[in-house]
Amino acid sequence: QVQLVESGGGLVQAGGSLRLSCAASGRTFSIYAMGWFRQAPGKEREFVAAIAWSGGNTYYADSMKGRFTISRDNAKYTMYLQMNSLKPEDTAVYYCAAGPHITTHRSMGAGGAYDSWGQGTQVTVSS
């Protein structure tokens, strides 16, 4: 089992930036990829971005490209999401996830491919 703890959420004005962190512990050797998902009130969970733990291959939802950057620090078993030019529609609870055997972009973007989830961190963007 992998334990994930997110941090870095908060309230920011439109156009501002935030950096989310996700620290992994436990059976970290089993992680093939980690990802960020978000869920706004009344909406379904949405894929944001993912990164392969080995090699660093990244994958983004089209609407996040150019504004969000995913990265990881292997030594710290921590993943980051740098969010710039934030918009009110980015308001959501952001969750990090980790999973084994995630090797394709299709699986990176599928929530069902991940078997460990964090508790979520709230991001609120005011207009």
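None of the values given here were measured: they were computed from a predicted structure. The chain is numbered in sequence order, starting from 1.
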Calculate, to the nearest 0.5 Å, the distance between atoms [atom1] and [atom2] belonging to [X] and [Y] respectively.
X: Asp115; Y: Ser30; atom1: CG; atom2: OG; result: 6.5 Å
X: Met79; Y: Ile31; atom1: CE; atom2: CD1; result: 9.0 Å
X: Glu44; Y: Gln39; atom1: CD; atom2: CD; result: 8.5 Å
X: Gln13; Y: Ser127; atom1: CD; atom2: OG; result: 9.5 Å

Could you pull out the closest heavy-atom pair between [X] and [Y], with the gap in Å?
X: Thr103; Y: Ser107; answer: N-OG, 3.5 Å
X: Leu86; Y: Leu18; answer: CD1-N, 3.9 Å
X: Gly26; Y: Gln3; answer: CA-OE1, 3.5 Å
X: Ala92; Y: Ala40; answer: CB-N, 3.8 Å
X: Ser17; Y: Asn84; answer: OG-OD1, 2.9 Å
X: Met83; Y: Tyr94; answer: SD-CE2, 3.8 Å

**Donor-acceptor pair, side chain of Arg27 and main chain of Val2, under 3.5 angstrom** = no
**Request:** Give a yes or no answer on whether the side chain of Arg72 reaches the backbone of Trp53 with a donor-acceptor pair at less than 3.5 Å.
**Result:** yes
**Message:** A side-chain contact here means heavy atoms from C-beta on lying under 4.5 Å apart; do Tyr95 and Glu6 qualify?
**Reply:** yes
**Prompt:** Do Leu4 and Met34 come within less than 4.5 Å of each other through their side chains, counting heavy atoms only?
**Reply:** yes
**Prompt:** Considering residues, nucleotides and ligands other than Arg45, do more than 12 of their heavy atoms fall under 6.0 Å from its CZ?
**Reply:** yes
**Message:** If you count every heavy atom of other residues, nucleotides or ligands that lies below 6.0 Å from Gln119 atom CD, does the total exceed 12?
**Reply:** yes
Same cluster (ILVMFWY, side-chain, under 4.5 Å), [X] and [Y]:
X: Phe68; Y: Val125; result: yes
X: Met64; Y: Val12; result: yes
X: Leu20; Y: Tyr77; result: yes
X: Ile70; Y: Ile102; result: no
X: Ile51; Y: Trp36; result: yes

**Prompt:** So which pairs with a foot in residues 93-127 pass disulfide bond (SG atoms under 2.5 Å apart), sequence neighbours left out?
**Reply:** Cys22-Cys96
**Aromatic ring pairing His101/Tyr32, orientation class (parallel under 30°, perpendicular over 60°, tilted between)** = tilted
**Prompt:** Which of parallel (below 30°), tilted (30 to 60°) and perpendicular (above 60°) describes Phe37 and Tyr114?
**Reply:** perpendicular
**Message:** Consider side-chain hydrogen bond (donor to acceptor under 3.5 Å, both in side chains). Of Asp90, Thr121, Thr91, which one does Arg38 pass it with?
**Reply:** Asp90
**Message:** Would you say the rings of Phe47 and Tyr60 are close, in the sense that their centroids are separated by under 6.0 Å?
**Reply:** no
**Message:** Salt bridge check, Lys65 against Asp62: does any charged N sit closer than 4.0 Å to a carboxylate O?
**Reply:** yes
**Request:** With side chain to side chain contact (heavy atoms under 4.5 Å, CB included) as the test, would you mind laying out the steps for Tyr80 and Asp73 before giving the verdict?
**Result:** CA-CA 8 Å; Tyr80 305 97; Asp73 184 327; 4.0 Å; yes
